[in-house]
Chemist: 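For reference, the structure I am asking about is given below.
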Amino acid sequence: MSNARVASRYVKSLLSLAVEKGVVEEVHNDMQMFNGICATNRDFTLMLRNPIIRHDKKRDILEKIFKGKVNPLTMSILDILTRKNREPILPEIAKEFHNAYNAYKSIEKATITTAIPLDAELRAEIISIVKKISDRSSVELVEKVDSEMIGGFVLNVNNKQVDASIKSKLKELKLQFQHNPYIKDF
């Protein structure tokens, strides 16, 4: 079974337990913190995936880092996963938990790529557009800056893309100029 499928099963269980115990926000914050640690500390992620380091040693390391700083439910899932020798998939579980949390809270994730950073007024306008497209009440907007874009924006929402960038318009124009109806092709 692939790691993504295994991770999604653990995430579903963790989310349902968190909902049952009323600690969804705390567990989500813990998973966000864990995901941030994995993203910024490559050695930590490599330690989790290292088959040479014994599982009980990894559990001790996780306990020293997170005990008292995270919700007991989060600590227990870390303990269970290390006992079952599943600690290599912890980073994937942390990422997938955020997606499951967004689905549970009905939050739409959107990505916008622009040539310059967005100001507050434009950000609010983009969020209202995403709300209309997705029919969701909340939006998590991920902003990216691409200096090669020249101008405009590319908005990705729920497998839909709105490309209003000058870069794409110039590419379309270039393709149109390549086809000249007044010159015969031999």
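The figures that follow rest on heavy atoms only: side chains count, while hydrogens, waters and symmetry mates do not.
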Chemist: Taking the side chain from Ser13 and the backbone from Arg9, do they hold a donor-acceptor pair closer than 3.5 Å?
Modeler: yes
Chemist: Restricting to salt bridge (Lys or Arg N to Asp or Glu O under 4.0 Å), what partner residues turn up for Lys171, sequence neighbours left out?
Modeler: none
Chemist: May I have the step-by-step check of salt bridge (Lys or Arg N to Asp or Glu O under 4.0 Å) for Arg83 and Asp79, ending in yes or no?
Modeler: CA-CA 6 Å; Arg83 287 180 193 269; Asp79 186 51; 2.9 Å; yes
Chemist: Is the backbone N or O of Asn71 less than 3.5 Å from a side-chain atom of Asp30, with the two atoms forming a donor-acceptor pair by type?
Modeler: yes
Chemist: Salt bridge (Lys or Arg N to Asp or Glu O under 4.0 Å) with Arg123: which residues, sequence neighbours excluded?
Modeler: Glu143
Chemist: Would you check if the side chain of Thr45 reaches a backbone N or O of Cys38 as a donor-acceptor pair within less than 3.5 Å?
Modeler: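 Present.
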Chemist: Would you say the ring centers of Phe97 and Phe34 fall short of 6.0 Å from each other?
Modeler: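 When the ring centroids of Phe97 and Phe34 are compared, they turn out to be at least 6.0 Å apart.
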Chemist: Backbone N or O of Asn85 within a donor-acceptor pair of the Lys58 side chain at under 3.5 Å?
Modeler: no
Chemist: Do any N or O atoms from the side chain of Thr82 and from the backbone of Leu78 form a donor-acceptor pair under 3.5 angstrom?
Modeler: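 It does hold such a pair.
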Chemist: Is there a donor-acceptor pair under 3.5 Å between the side chain of Asn29 and the backbone N or O of Glu25?
Modeler: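 Between the backbone of Glu25 and the side chain of Asn29 there is a qualifying donor-acceptor contact (under 3.5 Å).
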Chemist: Does anything in residues 116-169 pair up under ring pair (Phe, Tyr, Trp, His ring centres under 6.0 Å), and if so which pairs, sequence neighbours excluded?
Modeler: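 For residues 116-169: none.
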Chemist: Which atoms form the tightest heavy-atom contact between Asp135 and Lys132, and what is the distance?
Modeler: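 Smallest heavy-atom distance, with atoms named: OD1-O, 3.5 Å.
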